[in-house]
Amino acid sequence: MSALARQTGNFDVEAIRAQFPVLHQDVHGKPLVYLDNAASTQKPQRVIDAVSHYYELDNSNVHRGVHELSGRATDLFEASRETVRGFINASSTQEVIYTRGGTESINLVAQSWGRTNLTTGDEIVISAIEHHANIVPWQLLCQQTGAVLKVARMNDDGDVPLAEFEKLIGKRTRLVAVTMVSNALGTILPVKQIIELAHNANAICLVDAAQAVAHLLIDVQALDCDFLAFSGHKLYSPTGTGVLFGKRELLDAMPPWQAGGDMIETVSFDGSTWNELPYKFEAGTPHISGAIGLGEGVRFLQEIGIEAAAAHEDELLTAATTRMKKIAGLKVVGTAKHKASVLSFIVDGAHPSDIGTLLNQLGIAVRVGHHCAMPVMTEFGIPGTARASFAVYNNMNDVDRLVEATERVVTMLQ
Ligand code: 7TS
């Protein structure tokens, strides 16, 4: 029995691959190796089917109709919310708000909670390895409120030691906003301890789980996070979908941030009152087919088991890292002890975009550039990296192809 089979029971990567139609195609005459999963994962047939089934048979607006189709659409839409609730172990579906994605979830908190609660001199603490989506909304909020942004520094491994947060979190801290997994480096941050530090200082904590949600078990009650944000499209689900989890007492006290249909209880020209949670934060017709697809994407991953998926991805990441490090002139960027899914690298004398372009010619999809984490690149003094990132359907053949192709590309570029 292989090490993987021992670890993960009956995990069968080939059976999983078979569920992803997009993987079975040639690119530039070579079978596609898709390693751009940190940007967006592919979708299994059952997610595609759930979306088309809705359009073929149930298409209608939600929450508004007494007719059959609207009832079915609403049931499917709300069943997905319940699936997501269970997946992150929120205590109620009222704490699960549908958004357009992780970016929108973070902006919602910045604009609704932030503008209501922050004032001049209050501090927001983030880490040096955040995606722009967990930097720029706080910069805007600081401009709007006079709050101050503090950044916990990273070390040469691309890790952010807890001591860096301890240094910064204090009396003036009102919010700590951190990623659970860095998209550029793969670093896993100890969010549970960071949340504890925030709470000890009477601050709240938002976790950006965009990169974590497909790779790490998330239990919002065990973590005790106040907000948690993620996107559906990195979770085997449609683009344009996302979730904001928020603790009920916080959400209850927050004003709506977008206004229109569905989010109201009553409207008159003298004023309006708000709908109950989560609808207070879901103005307008939502992405119904997307939410239905999101529920199916979550069920897909739940059936595999996130621990089994993570063990498989770790095995691929470890094998790929060990072998890539042996290529002369290649340097892995991001060498933290705890990592998930992401292998970022640079090659002496070669620009990352040339590496990506040549790998593409060999049928291999990786991402190149700053990965919307420009401060990370600045800190390392590099323009960007080439980034391979693994999902549950990648296999050892993908690792072999990546390593062989990179060896070839490096020879060509040096
Ligand atoms: N936070 C992290 C850690 C991310 O990796 C991303 C997207 C976001 C937030 C924003 O998610 P969105 O779905 O709203 O765009 N990261 C990437 C990436 O690494 N390559 O493309 C998108």
Side-chain angles (χ1 to χ4, degrees), residues 34-43 84 97-111 126-140 151-152 154 158-160 176-189 191 194 205-216 218 225 227-245 287 290-291 293-294 297-298 313 317 333-334 336 338-345 352-353 356 365-377 384-391:
Y34 185 79
L35 293 173
D36 193 18
N37 297 291
S40 201
T41 60
Q42 300 300 346
K43 321 303 171 205
V84 171
I97 297 160
Y98 286 135
T99 65
R100 243 172 4 98
T103 300
E104 188 173 80
S105 302
I106 296 170
N107 277 278
L108 192 167
V109 175
Q111 291 304 307
I126 62 171
S127 86
I129 59 171
E130 301 304 323
H131 184 279
H132 297 167
N134 200 29
I135 303 173
V136 188
W138 309 121
Q139 290 177 328
L140 263 182
V151 183
M154 70 172 202
D159 207 347
V160 187
V176 179
V178 279
T179 193
M180 200 161 177
V181 175
S182 148
N183 70 314
L185 306 169
T187 312
I188 300 176
L189 289 184
V191 288
I194 297 168
C205 189
L206 175 144
V207 174
D208 175 358
Q211 283 306 331
V213 70
H215 309 292
L216 300 178
I218 292 176
C225 57
F227 295 108
L228 182 122
F230 64 88
S231 308
H233 71 98
K234 297 181 198 290
L235 184 57
Y236 309 105
S237 303
T239 54
T241 65
V243 167
L244 174 69
F245 157 81
H287 187 358
L294 173 60
V298 170
E313 291 158 0
L317 179 62
V333 180
H338 301 293
K339 283 182 64 171
S341 171
V342 170
L343 173 54
S344 253
F345 60 95
S353 59
V366 297
R367 180 140 302 227
V368 295
H370 55 64
H371 315 297
C372 295
M374 283 174 89
V376 170
M377 303 304 145
T385 70
R387 179 187 71 182
S389 49
F390 298 95

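The structure displayed is predicted, hence computed values, not measured ones. Start at 1 with the first residue, then count along the sequence. We count ligands from 1, going down the list as the structure has it; atoms in each ligand are counted the same way.
- S105 has its side chain out of reach of V243: every pair of non-hydrogen atoms, C-beta onward, lies at least 4.5 Å apart.
- With atom 10 (C) of ligand 1 as the reference point, the heavy atom nearest to it among T103, T241, T99, L235 is part of T103.
- With a 4.5 Å cut-off on side-chain heavy atoms, I106 and W138 count as touching.
- At least one heavy atom of K234 lies less than 4.0 angstrom from ligand 1.
- When each atom of ligand 1 is checked for a heavy atom of S231 under 4.0 Å away, the hits are 11 (O), 12 (P), 13 (O), 14 (O).
- Nearest protein heavy-atom contact of atom 4 (C) of ligand 1 is H131 CD2, 3.4 Å.
- For S127, the side chain to side chain donor-acceptor pair (under 3.5 Å) partners are E130, not counting sequence neighbours.
- Near A38, with a cut-off below 4.0 Å to any heavy atom, the atoms of ligand 1 are 17 (C), 18 (C), 19 (O).
- T241 and H287 share no donor-acceptor pair across their side chains, judged by distance under 3.5 Å alone.
- Heavy-atom contacts of T179 reach the following atoms of ligand 1: 3 (C) (cutoff under 4.0 Å).
- One option in T239, D208, V342, I106 has a heavy atom closer to atom 2 (C) of ligand 1 than any other, and that option is D208.
- Residue H233 places at least one N or O, backbone or side chain, under 3.5 Å from an N or O of ligand 1.
- Those atoms of ligand 1 with a heavy atom of Q211 less than 4.0 angstrom away are 3 (C), 4 (C), 5 (O), 16 (N), 19 (O).
- Looking at R387, R367, R100, H371 and measuring to atom 19 (O) of ligand 1, the nearest heavy atom belongs to R387.
- The shortest distance between side-chain heavy atoms of Q211 and S389 does not fall below 4.5 Å.
- Here the shortest heavy-atom pairing between T179 and V181 reads OG1-O, 2.8 Å.
- Nearest heavy atoms, V213 versus S231: CG1-O, 4.4 Å.
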